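To keep things clear, I will list the structure first and then write my remarks on it.
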Amino acid sequence: MNTVERAEQDKEEVTIRKAKWNLFLGCFLGLLGFVVLLVGAILDAQDTWMIAILIAACFVCNIVGIILINNSLPGLALSDINKIDQKYGECELTQLHGMKKYEVEQTLRSHKFQYDDNGYYRRKKFSFLRDSVSYYVRILDGSDIEKAIRNEWNHFNQQEHNEKSACLILLIYANQVAEKHTELLRNAGILKIADNMVLDIYAPKTMIVVGVDQSTHIGRYLDMGKGHHLYLYKYGCKMLRKLFGQSVVS
């Protein structure tokens with residue numbers, strides 16, 4: 001870790017500690033405001049000025065408490081994102097075998113995916129927790145995986161989707177998905193998982209990136225793992241397993 005990265009990490013740790021302290025103070029002041037009113041009720045305060053002071057103290061405690069709690073949210077979110085990064089940063093990518101392009105297309109059609117004019121294989125599936133989820137599968141050839149991820153996500157966001165929940169499964173075929181791409185695929189997954197779990201658990205869109213080696217026909221992506229049934233990224237992982245069989249961890 002170089003000096004710049006260490007300084008950035010130290011800054012994040014200070015921000016997180018400050019956020020946790022603000023949360024504690026905010027909750028304490030909110031409780032204190034309630035206690036002030038409770039004490040006034042127990043003492044059966046009759047004096048008008050005393051009642052006014054108690055009400056004002058309760059009001060001030062609650063307002064300041066709300067401000068402190070609100071100010072703590074970015075730091076707490078950063079803490080949660082760091083935990084996700086630590087958890088999934090140590091995970092191996094999951095493999096999908098037998099990912100020849102024409103076989104993938106046949107599999108999609110056999111599972112009632114329809115090819116549309118925008119270049120997506122699309123299927124809408126009922127879900128108890130989200131009413132329904134629309135899955136979009138995009139198959140691309142590209143040596144620059146990072147550029148393909150960025151361009152396709154921007155393109156997908158620009159499309160008008162009437163459904164409440166849409167999951168893009170991006171299959172990128174490259175001549176050789178080398179080790180240097182492992183971190184890229186992992187980070188792409190971590191980013192979307194963090195979006196789902198921290199920034200917006202009811203996010204209307206997400207994306208799962210699968211890098212497929214054209215020579216071995218093996219696809220690799222970051223699976224969310226067990227649990228997390230509420231999150232849209234998890235739905236995409238389940239659909240991948242349903243389409244291409246049981247995944248094995250590399």
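Note that the numbering runs from 1 along the sequence shown for the chain. Computed from a predicted structure; not experimentally measured.
The two residues S165 and S132 have their closest heavy-atom pair at CB-O, 3.7 Å. Residues C167 and G236 share a closest heavy-atom pair of SG-CA, 3.7 Å. A pairwise comparison of heavy atoms in M207 and Y233 identifies O-CE1, 3.4 Å as the closest pair.
Looking at N196, its side chain never comes within 3.5 Å of a backbone N or O of Y231 through a donor-acceptor pair. Not a single donor-acceptor pair under 3.5 Å links the side chain of R122 to the backbone N or O of S134. The backbone N or O of I190 lies less than 3.5 Å from no partner atom in the side chain of N187, so there is not a single donor-acceptor pair.
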**Report entry** Trace of the side chain to side chain contact (heavy atoms under 4.5 Å, CB included) decision for D141 with Q214
**Finding:** CA-CA 9 Å; D141 293 311; Q214 289 183 337; 3.0 Å; yes
Requested in this report: Kindly indicate, with the supporting measurements, whether the criterion salt bridge (charged side-chain N to carboxylate O under 4.0 Å, His left out) is fulfilled by D213 and R220.
Outcome: CA-CA 9 Å; D213 193 315; R220 296 192 296 167; over 6 Å; no
**Report entry** I169/M239 under side chain to side chain contact (heavy atoms under 4.5 Å, CB included): CA gap, chis, key distance, verdict
**Finding:** CA-CA 9 Å; I169 298 174; M239 178 56 71; 4.1 Å; yes
Report task. Let me see the working for R138 and E152 under side chain to side chain contact (heavy atoms under 4.5 Å, CB included), right down to the final yes or no. Result -> CA-CA 9 Å; R138 177 82 156 165; E152 287 303 317; 3.1 Å; yes
**Report entry** Derivation and outcome, side chain to side chain contact (heavy atoms under 4.5 Å, CB included), residues Q95 and Y221
**Finding:** CA-CA 7 Å; Q95 291 186 353; Y221 73 101; over 6 Å; no
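Between L232 atom CG and C237 atom SG the span is 10.0 Å, to the nearest 0.5 Å. From Y115, atom OH reaches atom CD of E105 across 8.0 Å, with rounding to the nearest 0.5 Å. Between atom CD1 of residue I149 and atom CG of residue N154 there is a gap of 11.5 Å, rounded to the nearest 0.5 Å.
When the salt bridge (Lys or Arg N to Asp or Glu O under 4.0 Å) test is applied to K100, no partner is found at least two apart in sequence or on another chain.
Open room surrounds NZ on K124; 12 or fewer heavy atoms of other groups in view lie less than 6.0 Å from it. Within 6.0 Å of atom CD in E103, more than 12 heavy atoms from other residues, nucleotides or ligands are found, so the atom counts as buried in its surroundings.
Side-chain contact between H97 and T216 is absent, with no heavy-atom pair separated by less than 4.5 Å. In this structure, K125 and Y135 have side chains that are in contact, with non-hydrogen atoms separated by less than 4.5 Å. Put simply, the side chain of L222 does not reach to within 4.5 Å of the side chain of L185, judged on heavy atoms. Counting heavy atoms from C-beta outward, D223 and R241 have side chains that approach closer than 4.5 Å. Under the 4.5 Å side-chain criterion, counting only non-hydrogen atoms from C-beta, L93 is in contact with R186. A 4.5 Å side-chain heavy-atom check between K205 and W153 finds at least one atom pair inside the cut-off. Y173 is not listed as a side-chain neighbour of L140, based on a closest heavy-atom distance of 4.5 Å or more. Side chains of T107 and F244 form a contact here, defined as non-hydrogen atoms less than 4.5 Å apart.
Between I139 and the choices L108, L170, I172, V210, the side-chain contact (heavy atoms from CB on, under 4.5 Å) rule is met once, by L108.
Hydrophobic clustering, with ILVMFWY side chains joined whenever heavy atoms are under 4.5 angstrom apart, keeps L191 apart from L184.
Taking the six-membered ring where tryptophan is involved, the planes of Y120 and F156 are perpendicular, since the angle between them exceeds 60° and thus also 30°.
No side-chain donor-acceptor contact under 3.5 Å links Y136 and R123.
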